[in-house]
**Student:** 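First the structure, which I've put down as structure tokens, then a few questions once you've had a look.
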Amino acid sequence: MAFAPLLRGIGFGAVGFLLGSGLGAIVRVTMGLDPWSAEALVVVGYIFGLVGWLLGVGVWGTWAREWFGLAARRGEAQGWRRYLRFSTDHKVIGVQYLVTFLVVMLLGGVLAVLMRAELMAPGKTIMTLNTYNNAMSLHGILMVAVAVAAIIGGLGNFLVPLLIGAEDVAFPRLNALSFWVIPPVAVLLLLTPLMGGFDSGWTAYPPLSVINAQGQTLYLLAFITFGFSSILGGLNFIATVIAMRAPGMTWSRLPIFVWSIFAASLISLTATQFVAFALLSVLLDRVAGTSFYDATQGGNALLYEHLFWFYSHPAVYIMILPAFGVALEVLAHFSRKPLFAYKWVVGAFMAVVGLSFLVWAHHLFTSGMSDFLHLPFMVTTELISIPTGIVFLSSLGTIWLGRLWLTTPMLFALGFLFNFLIGGITGIFLADVPTDLHLQDTYFVVAHFHYTIVGGEVFALLAGVYYWFPKLTGRMYSERLGKLHFWWVLLAYNVTFIPMFWAGLHGMNRRVADYSPELGGINLFISIAAFVLAASFLLMLVNLARAWVRGPAAGANPWKARTLEWQTSSPPPAENFPAEPQVVGAPYDYGVPGSRHAVVAAKGASEGEEKRDGDAAPRNQED
Amino acid sequence: MQNGRLRSALARGRWVLVALVALTVVEYAVALVMKSGNLPWMIIMNLVDAVLILYYFMHIAQLWRKEE
Amino acid sequence: MAVQPEALARHRLSRMALNRMGLWLFLLSETFFFAALISSRYYLQGLARPETLNQALGLGITMVLLLSSLSAYRAETCIAHGDRKGFQQNLLATIALGLLFVVGVAMEWREAFVHFPPNTGFGSIFFTMTGIHAFHVLSGLLVLTLVYMLGRRGHFSAGSSWGVEGAVKYWHFVDVAWVFIYPTLYLVT
Ligand SMILES: [Cu+2]
């Protein structure tokens, strides 16, 4: 039965939850406490329930049996059933991530629409102030999860093994595990309203997050679980890139997207542990009676901000580095030119990784941190504009004098450049202490980070989804609808978010449902633009869903691109390539006479029947 | 000489433990004597401890040594 | 067509070397967690050291844990050289010493509840640090026990002992973590 693994997971999870909360109650009784504490029992129950869910959904059958000396059960289902089970195929896992986070993104989008509806006029319009706070917090954490995991988990999983000529990631079962802890995260977050929601924003600063409604506890458990997934995913990518490359795939021949995933994985492997501890300490303050953040008992709320941002600033590079990778990848292929300054870009990625650990306290300029820390953190933050500037110059150099093939993915990659430039430049005012003191916690900040994450990363995500959709599904979407989607999003996006800079400069505070009446006009304008922006995503859904079901066959290499993922069928077979690819040159040497990236022999074919990588002129492909 | 190699490896382990125990005793003594500002000394001794365990017990060199 | 995840892998490293790298990456990641813990101690408490700490017990459990690292090392070395009996004995000794350590921590907690309960500054740090470390010890003991049971059923040999190696490496890591935690809680002033 197709749903058997899911049902078994849910059943085992429920048993685990009951077992865990029962155990928790017994422990509380033996410690002489009142056995009934919803939060404490939920925490213990959840830990056991999570283990039960994972065992039931597939860890027991495919993996844990070995720990007890039993033979693990192997074997894959076919067709759509693969997506409902503990599949170890990186391509299945990639699609699982993409679809899951697309759904999460739509949920977060619905919340954004509700928030904008509330903000259409000053005062109370459609929801209570507390509901607004909860909606805003939930929107934040859902979208942060999308931003962290959609490109890495979705596109990264599907494509990194293909791009390096491997058959799978280094640890396929661990990869499946990283995905299957995500559904409990989503369920926990969606259950928060049942326990009073959480009104702390996605940053969950104490002391508020220690004393507010019990929904906060579910948020903490969800985020810690998500971090666990992120750590294991990063670990897998690092090992895969180091050890699974095909013969000839040297470090200097790695496609730039692979480099970007590798760089982002270094951050998620390490920095995530800091947020795990930050959230754990809040959880302990709530349910175990510690006082990390109770100032009357020797606690200090600033500790949390340091720990939290030690992860959460680097996390924006977990989001944006893979976006750089997708954008540069798409720009090089559709400009039919070698990627400009490849080695500098790789160096820039690594510099971003290093610097990202040295800037966290720019989030604490107005928090009461010691003044002498302002200058060093301002300087390190501004230093980051050097490597990001290199990436930007590389993208300009790549399209410079190229024969641009303006497909939907290419348009989104160009849109990424435009939006990210605005996001980057407005960031300078937030890195500078004197201006930040005035702009902190206004809509200027909201506009800035939406420009980097939505205008930047999400545009790159969409570029990647459109670019690789034929490879993922074997079918082609409608270019016409794709282009319409692009122009619609680009215009609606900028019309929505540009005015937010102005609103922020005129005293519009973030995270509040109400504002002074003279800002009513601009907010009404922003809200209407936001609704138009939200509607554009329905167009994409229709286009992609229709293409997936009955679009025309895309063929192995519709873009005539040279990298390895296009040298196998669409979608690729379980083993990825008919025979082990041999990499013989750089990935982007379009137009370099006699160059080729890789040789993929057909199954059992002699040397003469090798597939050539796409060097043909693309012009005749355009509609 | 399988047996001889095993015996010398076990002997090496014993010496590492002797060193670790000795360092811990020194740490303890330093903490008793120095009533303030002993942090830098602790860090140095802990790092030596860690290097001993990582190198001799955890065989960290396997990571960069060629596979035999 | 069933894909055999491990059988298909075609990397140039052996499966063993790849597993090893994965474990080291995991331990690197864990190091950051302990770094967050230890830096929190200095952020909240500076160099303050309560006089009520049971110094003898702290030193005692540290020695027990160091000793368990030696027996774990011996277990791994024995199986790598084909000495099954030595492997089993030393693994059992490691588990016993690990349990002794846990008992020591429990005794420590009983006293700590009186002198610096969890709702004080130092207590928050003390209970969290020792608690998280004890959680690592317990999970390590679980893995060592599984390895012991598998060993009794005849698993592992000189040429195939990744399960032993992985479990023992994790155990040593738990020891390294304690090497830093012990002075941070007991000795530093
Ligand atoms: Cu930041």
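When reading the values below, keep in mind they use all heavy atoms of this one structure, side chains included, and skip hydrogens, waters and symmetry mates. None of the values given here were measured: they were computed from a predicted structure.
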**Student:** Identify which part of C:M149 has an atom lying under 4.5 Å from any heavy atom of chain A, answering side chain, backbone, both or neither.
**Tutor:**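 Contact with chain A involves no heavy atom of C:M149 at all.
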**Student:** Does the ring center of A:Y311 lie less than 6.0 Å from the ring center of A:F274?
**Tutor:**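 No, the ring centres sit 6.0 Å or more apart.
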**Student:** Would you mind telling me which of C:L44, C:I125, C:L146 has the largest number of heavy-atom pairs within less than 4.5 Å of chain A?
**Tutor:** C:L44
**Student:** Can A:H90 and A:N576 be counted as having a side-chain donor-acceptor contact under 3.5 angstrom?
**Tutor:**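 Yes, A:N576 and A:H90 have a side-chain donor paired with an acceptor closer than 3.5 Å.
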**Student:** So which part of C:L150 gets closer than 4.5 Å to some heavy atom of chain A, the side chain, the backbone, both or neither?
**Tutor:** side chain
**Student:** Tell me which of these, C:L37, C:L28, C:V143, has more heavy-atom pairs under 4.5 Å with chain A than the rest.
**Tutor:**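 Looking at each option in turn, the highest pair count goes to C:L37.
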**Student:** Is a side-chain donor or acceptor of A:R73 paired with a backbone partner of A:R65 at a separation under 3.5 angstrom?
**Tutor:**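 Not confirmed, A:R73 side chain does not pair with A:R65 backbone.
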**Student:** Is there a donor in the side chain of A:D285 and an acceptor in the side chain of A:T290, or the other way round, less than 3.5 Å apart?
**Tutor:** yes
**Student:** Measure from the ring center of A:F262 to the ring center of A:W251 and say whether it is less than 6.0 Å.
**Tutor:**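 Close enough - the centres of the two rings lie under 6.0 Å apart.
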**Student:** Heavy-atom cut-off 4.5 Å, strictly under: side chain, backbone, both or neither for A:L235 against chain C?
**Tutor:** both
**Student:** Looking only at the side chains, is there a donor atom on one of A:S87 and A:D89 sitting less than 3.5 Å from an acceptor on the other?
**Tutor:** no
**Student:** Return the option, out of C:G121, C:G163, C:P118, C:G123, with the maximum number of heavy-atom pairs under 4.5 Å with chain A.
**Tutor:**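 Heavy-atom pairs under 4.5 Å are most numerous for C:P118.
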**Student:** Where does A:L174 contact chain C at under 4.5 Å (heavy atoms): side chain, backbone, both or neither?
**Tutor:** neither
**Student:** If we ignore angles and hydrogens, is there a donor and acceptor under 3.5 Å between the side chains of C:S69 and C:W171?
**Tutor:**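 No, no side-chain donor-acceptor contact under 3.5 Å.
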**Student:** Please state whether the side chain, the backbone, both or neither of C:F127 comes within less than 4.5 Å of a heavy atom of chain A.
**Tutor:**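 Contact with chain A is absent: no heavy atom of C:F127 under 4.5 Å.
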**Student:** Side chain, backbone, both or neither: which part of A:I231 has a non-hydrogen atom closer than 4.5 Å to chain C?
**Tutor:** side chain
**Student:** Given that the side chain runs from C-beta out, which part of A:L307 has a heavy atom under 4.5 Å from chain C: side chain, backbone, both or neither?
**Tutor:**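 When you check distances to chain C, only side chain atoms of A:L307 fall under 4.5 Å.
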